[in-house]
2 protein chains.
Amino acid sequence: MANQRLTIGELSKAAHVGAETVRYYERIGLMPRPARTAANYRLYSAEQLARLSFIRRSRELGFTLDRIKALLELAGDRARDCQAVDVIASDHLAEVERKIADLTALRRTLRDLIGQCRHGTIADCRIIEALSPVPA
Amino acid sequence: MANQRLTIGELSKAAHVGAETVRYYERIGLMPRPARTAANYRLYSAEQLARLSFIRRSRELGFTLDRIKALLELAGDRARDCQAVDVIASDHLAEVERKIADLTALRRTLRDLIGQCRHGTIADCRIIEALSPVPA
DNA sequence: CTTGACCCTGTAGTTGCCACAAGGTCTATA
DNA sequence: TATAGACCTTGTGGCAACTACAGGGTCAAG
């Protein structure tokens, strides 16, 4: 009963990942090549569904496919020290924090700029002015 | 004296934009086709340098090339109401704010996850566990 | 036996560039 | 005058992570 095999469409629905995305994951080696029916249809196992779900969750957390590949390799090695996992996650967190900092600075600049808008003509628009270079 | 024309390399240095990027902007219609020397070298005017600098500043603020194109069109129309500029900038700000919100939620999740790490084996790694689907 | 929903492969588009390759040009120096 | 090296030209392909076809094959229901 654990042998229920899924077509790509069924897998796709179960994992909430587009079928074309699944094929893409296969092409880049993130998902294994599945079994095939006589008619060359892909057939997925429960384990492969679990793998795809893992990928989807990781993507939701913003991990890159490269890092997800690394996480999946680690996940298979149950006896191993989980420090490597920690490193990947911490690196990712650091990147998220950097992006937040960048975007926060950007938000400030944009708010200032928009706040200065006097709603007149382009000729005295502060936004355009801020973007325009000073004539040398 | 206002007639000083620049090669793509000179333009590139002056505006702090890669030469290949300038050619790319030309291809997509963001920069105009410049004059050419007898040897087919591109020659840029001061006005074109100003346009490229405008683009660079706008990119630094995270505007997409499409929006920059729109901003440049508006910027040329000095008598026009600057409301359209305000709309573009405000839309952009809204997107930045959305991204900050998304990333902030992500940061929280990642921090929680990493904080739960007990530094044992993969088998009881909270991070891997959180990513793994519950077996049905 | 046909309709419609599924599946297949392969290719091209998205965004904003960067990195070649293979050639032409220009300038300075030996 | 020859030549080295820095510049310029076009065209192509790559990056991330998909998405959207086109042009076919397959399968189950009515």
Side-chain angles (χ1 to χ4, degrees), chain A residues 5-31 33-44 48 51-52 54-72 88 91-92 95-96 99 102-103 106, chain B residues 5-31 33-44 48 51-72 91-92 95-96 99 102-103 106:
Chain A
R5 306 228 145 204
L6 310 167
T7 66
I8 198 170
E10 290 160 348
L11 178 82
S12 170
K13 256 168 216 136
H16 305 281
V17 172
E20 317 218 294
T21 301
V22 175
R23 282 191 282 255
Y24 167 69
Y25 288 165
E26 181 182 331
R27 250 198 333 278
I28 64 169
L30 189 57
M31 282 294 287
R33 294 203 196 163
R36 299 279 187 150
T37 67
N40 204 30
Y41 283 23
R42 288 173 178 81
L43 275 190
Y44 293 93
Q48 287 165 343
R51 186 179 176 97
L52 184 59
F54 185 101
I55 296 169
R56 201 207 96 207
R57 282 163 197 242
S58 306
R59 284 297 297 139
E60 278 171 7
L61 295 181
F63 285 98
T64 62
L65 297 185
D66 265 4
R67 280 183 174 152
I68 295 171
K69 204 179 278 188
L71 285 174
L72 279 164
I88 294 175
D91 279 2
H92 180 47
E95 269 162 41
V96 168
K99 275 185 197 159
D102 287 353
L103 287 173
L106 202 55
Chain B
R5 306 230 146 202
L6 310 169
T7 65
I8 198 169
E10 290 161 348
L11 178 82
S12 171
K13 257 169 218 138
H16 306 278
V17 172
E20 316 217 294
T21 301
V22 175
R23 282 190 281 259
Y24 168 69
Y25 288 166
E26 181 182 331
R27 250 198 334 278
I28 63 168
L30 189 56
M31 283 293 287
R33 294 204 197 163
R36 297 281 186 148
T37 67
N40 204 30
Y41 283 23
R42 288 172 178 80
L43 275 190
Y44 292 92
Q48 287 166 343
R51 186 180 176 96
L52 184 57
S53 300
F54 185 102
I55 295 169
R56 202 208 93 204
R57 283 162 195 242
S58 305
R59 284 295 299 140
E60 277 170 9
L61 295 182
F63 285 99
T64 63
L65 296 184
D66 263 6
R67 278 181 175 155
I68 295 171
K69 203 178 278 187
L71 285 173
L72 279 163
D91 279 2
H92 181 47
E95 270 163 39
V96 167
K99 275 184 198 162
D102 287 353
L103 287 173
L106 204 52

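The sequence lines fix the lettering, A, B, ..., with proteins before strands; numbering per chain opens at 1.
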Whichever of A:Arg42 and B:Leu65 has its nearest DNA chain C nucleotide further upstream toward 5': A:Arg42

Distance-minimising heavy-atom pair for B:Val96 and A:Leu103: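 The pair with the smallest heavy-atom distance is CG1-O, 3.6 Å.
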
Qualifying residues under ring pair (Phe, Tyr, Trp, His ring centres under 6.0 Å), relative to B:Phe54, sequence neighbours excluded: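 None.
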
Qualifying residues under ring pair (Phe, Tyr, Trp, His ring centres under 6.0 Å), relative to B:Tyr25, sequence neighbours excluded: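 Not a single residue meets the ring pair (Phe, Tyr, Trp, His ring centres under 6.0 Å) criterion with B:Tyr25.
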
Where protein sits on nucleotides 20-29 of chain D, one letter per nucleotide: B base, S sugar-phosphate only, - none, heavy atoms under 4.0 Å: BB---BBS--

Expected output: side-chain A:His92 to main-chain A:Thr64 donor-acceptor under 3.5 Å: no

Output the rounded distance in Å from [atom1] ([X]) to [atom2] ([N]).
| X | N | atom1 | atom2 | value |
| --- | --- | --- | --- | --- |
| B:Ile8 | D:dA6 | CD1 | P | 19 Å |
| A:Arg67 | D:dA17 | CZ | C1' | 15 Å |
| A:Tyr25 | D:dT19 | OH | C1' | 12 Å |
| B:Glu26 | D:dG11 | CD | P | 11 Å |
| B:Leu11 | D:dT9 | CG | P | 11 Å |

Close residues, residues 56-64 of chain A, relative to DNA chain D [heavy-atom separation under 4.0 Å]: A:Arg59, A:Thr64

A:Lys69, NZ atom: more than 12 neighbouring heavy atoms under 6.0 Å: yes

How would you list, by chain and number, every residue that makes a salt bridge (Lys or Arg N to Asp or Glu O under 4.0 Å) with [X], sequence neighbours excluded?
| X | result |
| --- | --- |
| A:Glu10 | none |
| A:Arg57 | none |
| A:Arg59 | none |

Angle of first-five versus last-five pair axes in the helix from C:dC1-D:dG30 to C:dA30-D:dT1, to 10 degrees: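 Taking the rotation axis at each end, their angle is 30°.
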
Ionic contact status for A:Glu95 with A:Arg67, cut-off 4.0 Å: yes

Carboxylate-amine/guanidinium proximity below 4.0 Å for A:Glu60 and A:Arg56: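 A salt bridge links A:Glu60 with A:Arg56.
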
Can you give me every donor-acceptor pair (side chain of residues 36-44 of chain B, partner residue at least two apart or in another chain, under 3.5 Å) with its distance?
residue	atom	partner	partner atom	Å
B:Arg36	NH1	B:Asn40	O	2.9
B:Thr37	OG1	B:Ala39	N	3.1
B:Thr37	OG1	B:Asn40	N	3.4
B:Thr37	OG1	B:Tyr41	N	3.0
B:Arg42	NE	B:Glu26	OE1	2.7

Residues in side chain to side chain contact (heavy atoms under 4.5 Å, CB included) contact with B:Ala70, at least two apart in sequence or another chain: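 Per chain and number, B:Ala70 pairs via side chain to side chain contact (heavy atoms under 4.5 Å, CB included) with B:Ile88.
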
Side chain to side chain contact (heavy atoms under 4.5 Å, CB included) involving B:Ala19 - partner list, sequence neighbours excluded: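 Side chain to side chain contact (heavy atoms under 4.5 Å, CB included) list for B:Ala19, sorted by chain: B:Ile8, B:Ser12, B:Arg23.
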
Sugar-phosphate only, base, or nothing, as touched by A:Ile28 at under 4.0 Å among non-hydrogen atoms: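 Touches nothing.
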
Nucleotide range of DNA chain C lying under 4.0 Å from chain B heavy atoms: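 First-to-last contact on DNA chain C, by the 4.0 Å heavy-atom rule, is C:dG16 to C:dC26.
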
